[in-house]
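Both counts, for ligands and for their atoms, begin at 1 and track the order of listing. Scope of the values below: all heavy atoms of this structure, side chains included, with no hydrogens, waters or symmetry mates.
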Amino acid sequence: MAIMSKGRVLATGGTGYIGSHAVVELIKAGYEVEIIDNLYNSKAAVLGKIAELTGVGPKFYNVDMCDKPALMEVFARGNYDAVIHFAGLKAVGESVEQPLRYYATNVGGTLNLLDCMRAYGVKKIVFSSSATVYGVQETPKCEETMSTGSGISNPYGKTKFVIEEILKDAATADPGMEVSILRYFNPIGAHPSGLLGEDPNDRPNNLMPIVMKVATGEIDKLTVYGNDYPTPDGTCIRDYIHVVDLVKGHLAALEKMRPGAQIYNLGTGQGSSVMEIINEFSRVGGIQLPYEIGARRAGDLASLYADPMLAERELGWKAELSVANAMRDTLTFLRKEGLKLRV
Ligand code: UD1
């Protein structure tokens with residue numbers, strides 16, 4: 001007997017780190033998923049891994065979000081019920097050097113997507129936003145009701161803020177639109193099978209992918225960006241969330257879509273310091289991670305973590321996995337990739 005589909009979903013950026021994990025969970029939950037990605041920061045081999053994990057090879061379009069005619073063609077065939085929009089550029093430093101490229105890809109790509117959705121009557125969109133939209137705040141614990149946009153130090157972060165505003169305006173103008181804006185804190189970890197994980201094509205900027213490259217010896221040592229912050233061990237505190245928990249938040253959001261724009265933090269509510277991350281990775285992996293204490297990085301805040309209660313109340317979702325789980329799954333991913341780890 002054929003299994004009833006829960007709906008047809010287009011995942012932009014579906015071969016990327018978060019997108020690929022989401023596609024797996026969506027398929028497992030009974031959605032029919034199609035993927036658009038230009039493979040700029042991901043690999044086509046991910047498609048085979050998704051098929052291996054789910055038994056389903058999702059239809060894949062190698063399309064750039066800036067190529068509106070190609071995007072329209074995808075929609076012409078797709079008959080989608082909803083879009084989950086992961087695609088975008090995310091390197092903070094690069095966004096400072098190439099702001100127009102970031103605005104064109106992230107903001108322009110989203111505008112193209114919204115035009116296609118309007119042309120083909122697709123009303124539901126889940127958007128990958130970021131805690132970066134909170135900018136500089138007086139308290140480290142972020143609630144969705146707090147103001148956004150003030151003190152965002154880089155164009156990448158500003159694109160996320162601008163896209164949120166566009167989506168809210170679009171939902172106001174069209175009462176049939178259902179928008180869910182998900183503000184990610186710091187996603188880490190990998191699929192427990194070790195088949196999917198974070199594998200950036202470029203030199204990474206974020207803590208965990210750098211930890212991974214130090215663990216494999218590709219990078220000599222980690223530089224801790226400052227240990228003189230007003231935190232217990234002097235290093236910055238962030239809210240690290242397992243990628244599998246994070247993508248389950250998307251499923252919960254999709255099931256609870258309603259007219260208007262809803263905004264949810266996806267975080268654990270617990271902070272970990274840079275030193276705690278280093279120590280936990282070393283402990284779980286049984287390896288020594290070489291590091292040095294360096295200068296502060298411009299734009300870093302001492303402490304930032306989520307108030308995740310709104311998502312728990314309205315979506316019935318909360319993070320369940322620990323940082324240790326994320327480290328274990330990251331190590332499984334590295335080993336499965338055939339990478340040799342330091343001892
Ligand atoms: C960064 C971006 C944020 C973006 C997010 C996801 C900045 C200021 N913020 O968040 O806008 O949404 O990535 O892409 O860039 N660290 C080290 N050594 C390293 C790398 C990082 O000590 O080599 C520290 C950082 O100082 C920070 C923590 O690790 O305290 C996490 O850094 P990172 O993974 O870059 O995330 P965020 O800074 O939270």
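- Taking a cut-off of under 4.0 Å to the non-hydrogen atoms of Asn205, the atoms of ligand 1 that pass are 20 (C), 35 (O).
- Rounded to the nearest 0.5 Å, atoms NE2 (His191) and CD1 (Ile50) are 10.0 Å apart.
- Residue Leu207 has at least one N or O atom closer than 3.5 Å to an N or O atom of ligand 1.
- Contacts with ligand 1 closer than 4.0 Å are made by no heavy atom of Tyr134, backbone or side chain.
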Test log, rule side-chain contact (heavy atoms from CB on, under 4.5 Å), inputs His85 and Val126: CA-CA 6 Å; His85 183 28; Val126 177; over 6 Å; no

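- With respect to atom 8 (C) of ligand 1, the closest heavy atom belonging to the protein is Asp300 OD1, 3.4 Å.
- Comparing Tyr225, Tyr156, Tyr184 by heavy-atom distance to atom 17 (C) of ligand 1, the nearest is Tyr225.
- For atom 28 (C) of ligand 1, the closest heavy atom belonging to the protein is Tyr240 OH, 3.5 Å.
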Derivation of the side-chain contact (heavy atoms from CB on, under 4.5 Å) call for Leu266 and Trp317: CA-CA 9 Å; Leu266 294 186; Trp317 168 90; 3.6 Å; yes

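- Of the polar atoms of Ser130, at least one N or O is found under 3.5 Å from an N or O of ligand 1, judged by distance alone.
- Both cation-pi conditions hold for Arg183 and Tyr134: the charged atom is under 6.0 angstrom from the six-membered ring centre and inside a 45 degree cone around its axis.
- The closest protein non-hydrogen atom to atom 2 (C) of ligand 1 is Val92 CG2, 3.5 Å.
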Could you list the donor-acceptor pairs under 3.5 angstrom formed by side chains in residues 138-151, with sequence neighbours left out?
| from | atom 1 | to | atom 2 | distance (Å) |
| --- | --- | --- | --- | --- |
| Glu144 | OE2 | Asn265 | N | 2.7 |

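- Distance alone, capped at 3.5 Å, places no donor-acceptor pair between the Asp174 side chain and the Ala170 backbone.
- Within the structure, every pair that satisfies the side-chain hydrogen bond (donor to acceptor under 3.5 Å, both in side chains) test and touches residues 62-73, not counting sequence neighbours, is listed here: Asn38-Asp64, Lys68-Asp115.
- Counting heavy atoms from C-beta outward, Pro308 and Lys318 have side chains that stay 4.5 Å or more apart.
- Those atoms of ligand 1 that come under 4.0 Å of a heavy atom in Val224, given as number and element, are 22 (O).
- In terms of protein heavy-atom proximity, atom 39 (O) of ligand 1 is closest to Arg238 NE, 2.7 Å.
- Residue contacts with ligand 1 for Leu304 are absent, since no atom lies close enough (heavy atoms, distance under 4.0 Å).
- Under 4.0 angstrom from ligand 1, the non-hydrogen atoms of Asn206 come from both its backbone and its side chain.
- Between Phe86 and His250, the ring center distance clears the sub-6.0 Å criterion.
- Considering backbone and side-chain N/O atoms, Arg297 comes within less than 3.5 Å of an N/O atom of ligand 1.
- In terms of protein heavy-atom proximity, atom 11 (O) of ligand 1 is nearest to Thr132 OG1, 3.0 Å.
- A side-chain hydrogen bond (donor to acceptor under 3.5 Å, both in side chains) with Tyr80 holds for exactly one of Glu32, Glu34, Arg8; it is Glu34.
- The side chain of Asn186, and not its backbone, has at least one atom closer than 4.0 Å to an atom of ligand 1 (non-hydrogen atoms only; side chain from C-beta on).
- Nearest to atom 30 (O) of ligand 1 among the protein's heavy atoms is Cys236 CB, 2.9 Å.
- The protein heavy atom nearest to atom 24 (C) of ligand 1 is Val274 CG2, 3.7 Å.
- Note on ligand 1: Tyr229 sits outside its first shell, no heavy atom being nearer than 4.0 Å.
- Annotation for ligand 1: atoms under 4.0 Å from non-hydrogen atoms of Thr223 are 17 (C), 18 (N), 19 (C), 22 (O), 23 (O).
- Counting only heavy atoms of the protein, atom 23 (O) of ligand 1 lies nearest to Ile210 CD1, 3.4 Å.
- A donor-acceptor distance shorter than 3.5 angstrom exists from the side chain of Thr231 to the backbone of Thr235, with no hydrogens or angles considered.
- Between Tyr156 and Tyr102, the two ring planes are perpendicular [angle over 60°; tilted spans 30° to 60°].
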